[in-house]
2 protein chains.
Amino acid sequence: MRISELSRVSGVSIATIKYYLRAGVLGPGRHTARNQAQYGDAHAHRLRLIRVLMDVGGLSLAAVSDVLDAIDDNRLPLHRLMGVAHHALGPHATAAPAPDVTEAQSDVGELIERLGWKVSARAPARGALAEALVALRRLGYGGGVEVLAPYAELAGELAGRELTTVATGAGRHEVVEHVVVGTVVFEAAFVALRRLAQEHHSAVRFAGG
Amino acid sequence: MRISELSRVSGVSIATIKYYLRAGVLGPGRHTARNQAQYGDAHAHRLRLIRVLMDVGGLSLAAVSDVLDAIDDNRLPLHRLMGVAHHALGPHATAAPAPDVTEAQSDVGELIERLGWKVSARAPARGALAEALVALRRLGYGGGVEVLAPYAELAGELAGRELTTVATGAGRHEVVEHVVVGTVVFEAAFVALRRLAQEHHSAVRFAGG
DNA sequence: GAAGACTAGATAGTAGCACTATCTATTTAG
DNA sequence: CTAAATAGATAGTGCTACTATCTAGTCTTC
């Protein structure tokens, strides 16, 4: 198909498709002339994937680019893909962490060790968790890392359940994409469900108060 | 204290504090002269709260403004505060939803009803959940709303557990702030924990593959 | 085979966000 | 008295994700 049809079936404007081509997140079409190219179903699928990662996952275009590169890199072992996806989901620390954050980092490290989790020392989620802990302390809601224990338990249960649903018979590319999409979409879905549940419990608890 | 000290204790630059004052997310100081004002601990605390909502919760300044307005509005009943916070956490739908999203919305509505949850019909999380469902379908990973059931169960457990920890003896302002901070910070913490757990399970499952 | 629609690629412009910098007229501190 | 600090106003910056325009060339349809 030509670019106008690709635009139609994907719902992405021609100008934006060209932008994605320039940015390298969408591969070039098969050229038939100097100013003509053909695009296939793979392009349409890739476009949908880009939009889902951005709209549902909230990833920046640069992050999408990283994730897609990881998906396309056949040399990348499967067990490292999740790390790349999580790194892209960021946010990555930009400046040197404050001293209280550094301290919280070791608390987080201890928690992870106590849980027996095998996680890269450079996982951005470590920093995110430390930031959350520090936020509580800075606002005067004390509490050590132990307040996270019940959350960690549930998170572990969720993650374990999830990975068992990954299709194992399919090719590497399908598994990889499935893992990434699952990570991003189910995270968004769970956050939404948590908010709905909170609203329900809040209504029940505070109604009339 | 004067603005330079407020800047020092909060770690926020003077220029940014002035920006927040202009934006109305930080209340004005007590004026002692045309170009002099005094700020108190409440200002420092408010600044910390703003930074946590933005940095940990990922809220925009406009969203922070909405949340703070809700916290400060004494007429707002407690059971509606959560809705305001969730609305600020967005993202709110900008355009008319696609037809498949509208369809997914009713699926979500059914799920909520089946769970017996009492949730506003306008809750943005409904839309977010529908978007996530549609994302799966658009990418070819079918599955109805029933794939969300185990997630919903865990989300309900989490939300229920959380609200029981809200201090009931404190004043309204403290409870309200506690609820908002808990919503935002524990959501971030749980997402981070889920990623850590995923990385662990992924490493265990795919290592050597 | 001519007119008009379409296209690739290049370049430049836009809108929104969260600051950041500079300036003026003060006020304060030493 | 003088140097530093301040409130408030205005303008500028850097980044992101597009969006618009332009040119030279290519289909398509009558």
Side-chain angles (χ1 to χ4, degrees), chain A residues 1-40 43 46-47 49-68 88-92 94-95, chain B residues 1-40 43 46-47 49-68 88-92 94-95:
Chain A
M1 69 187 109
R2 313 216 312 207
I3 200 172
S4 56
E5 193 182 347
L6 181 61
S7 169
R8 206 168 38 69
V9 302
S10 67
V12 178
S13 79
I14 291 179
T16 301
I17 291 174
K18 286 184 176 184
Y19 173 65
Y20 289 166
L21 289 167
R22 274 195 315 273
V25 292
L26 185 66
R30 187 171 44 80
H31 271 246
T32 62
R34 189 212 294 266
N35 64 340
Q36 294 289 299
Q38 284 290 315
Y39 304 92
H43 286 91
R46 180 54 65 101
L47 271 178
L49 183 54
I50 293 169
R51 298 312 317 207
V52 164
L53 292 177
M54 294 184 85
D55 296 344
V56 177
L59 272 69
S60 69
L61 198 56
V64 168
S65 183
D66 289 348
V67 170
L68 295 182
L89 284 162
H92 345 333
T94 159
Chain B
M1 70 187 109
R2 314 218 308 213
I3 200 171
S4 56
E5 195 183 345
L6 181 61
S7 169
R8 206 168 37 69
V9 303
S10 67
V12 178
S13 79
I14 291 179
T16 300
I17 292 174
K18 286 185 176 184
Y19 174 64
Y20 289 166
L21 289 167
R22 272 194 317 272
V25 291
L26 185 66
R30 185 171 46 82
H31 272 246
T32 62
R34 186 211 299 267
N35 64 339
Q36 295 288 299
Q38 284 290 316
Y39 304 92
H43 286 91
R46 179 55 65 102
L47 270 178
L49 183 54
I50 293 168
R51 299 310 320 202
V52 164
L53 292 178
M54 293 185 83
D55 297 344
V56 177
L59 272 70
S60 69
L61 197 57
V64 168
S65 183
D66 289 348
V67 170
L68 295 181
L89 284 161
H92 346 332
T94 159

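Given the structure is predicted, the values throughout are model-derived calculations rather than measurements. Chain A is the first sequence line, chain B the second, and so forth, proteins listed ahead of strands; every chain is numbered from 1.
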Nearest 0.5 Å please: distance from the [atom1] atom of [X] over to the [atom2] atom of [Y].
{"X": "B:L47", "Y": "B:I17", "atom1": "CG", "atom2": "CD1", "result": "5.0 Å"}
{"X": "A:Y20", "Y": "A:R51", "atom1": "OH", "atom2": "CZ", "result": "3.5 Å"}
{"X": "B:D55", "Y": "B:I50", "atom1": "CG", "atom2": "CD1", "result": "11.0 Å"}
{"X": "B:L26", "Y": "B:S65", "atom1": "CG", "atom2": "OG", "result": "11.5 Å"}

Note to self: Looking at B:L6, is its backbone amide N or carbonyl O close enough to the side chain of B:H43 to form a donor-acceptor pair, meaning the two atoms are under 3.5 Å apart?
What the structure shows: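 No; judged by distance alone, with no hydrogens or angles, the pair does not exist.
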Next item on the list: Answer yes or no: is there a donor N or O on one side and an acceptor on the other, between the side chain of B:Q38 and the main chain of B:M1, under 3.5 Å?
Entry: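 Present.
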Note to self: For A:T16 and A:A33, find the nucleotide of DNA chain D closest to each by heavy atoms; which residue's nucleotide sits nearer the 5' end?
What the structure shows: A:T16
Notebook entry, point to check: If each of A:T32 and A:S60 is mapped to the nucleotide of DNA chain D with the nearest heavy atom, which maps nearer the 5' terminus, i.e. the 5' end?
Noted result: A:S60
Specify the separation, in whole Å, of atom [atom1] of [X] and atom [atom2] of [N].
{"X": "A:Q36", "N": "C:dA5", "atom1": "CD", "atom2": "P", "value": "16 Å"}
{"X": "B:R34", "N": "C:dT28", "atom1": "CZ", "atom2": "P", "value": "12 Å"}
{"X": "B:E5", "N": "C:dT28", "atom1": "CD", "atom2": "P", "value": "17 Å"}
{"X": "A:L6", "N": "C:dC6", "atom1": "CG", "atom2": "P", "value": "16 Å"}
{"X": "A:N35", "N": "C:dC6", "atom1": "CG", "atom2": "C1'", "value": "9 Å"}
{"X": "B:L61", "N": "C:dC19", "atom1": "CG", "atom2": "P", "value": "7 Å"}

Checklist line | Residue mapping more 5' on DNA chain C - nearest nucleotide basis, A:A37 or B:M54 | finding: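 Taking each residue's closest nucleotide, the earlier one in sequence belongs to A:A37.
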Check: Any side-chain N or O of A:R2 under 4.0 Å from OP1/OP2 of C:dT7?
Finding: yes
Checklist line | Phosphate OP1/OP2 of C:dC19: any B:R51 side-chain N/O under 4.0 Å | finding: yes
Next item on the list: For B:L21 and B:P28, work out which heavy atoms get closest and say how close.
Entry: CD2-CA, 4.0 Å
Item checked: Closest nucleotide among C:dT7, C:dT20, C:dT28 to the B:S13 side chain -> C:dT20
Checklist line | Close approaches to DNA chain D from residues 18-28 of chain A, in residue order (heavy atom, under 4.0 Å) | finding: A:Y19, A:Y20, A:R22
Check: Considering only heavy atoms from C-beta outward, does the side chain of A:L68 approach that of A:R46 to under 4.5 Å?
Finding: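 Result yes, sub-4.5 Å side-chain heavy-atom pair found.
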Checklist line | Within residues 2-19 of chain B or reaching into it, pairs that qualify as side chain to side chain donor-acceptor pair (under 3.5 Å) - sequence neighbours excluded | finding: B:S13-B:T16
Notebook entry, point to check: Hey, where on DNA chain D does chain B first and last touch, going 5' to 3'? Cut-off is any atom under 4.0 Å from a heavy atom.
Noted result: D:dA5 to D:dT10
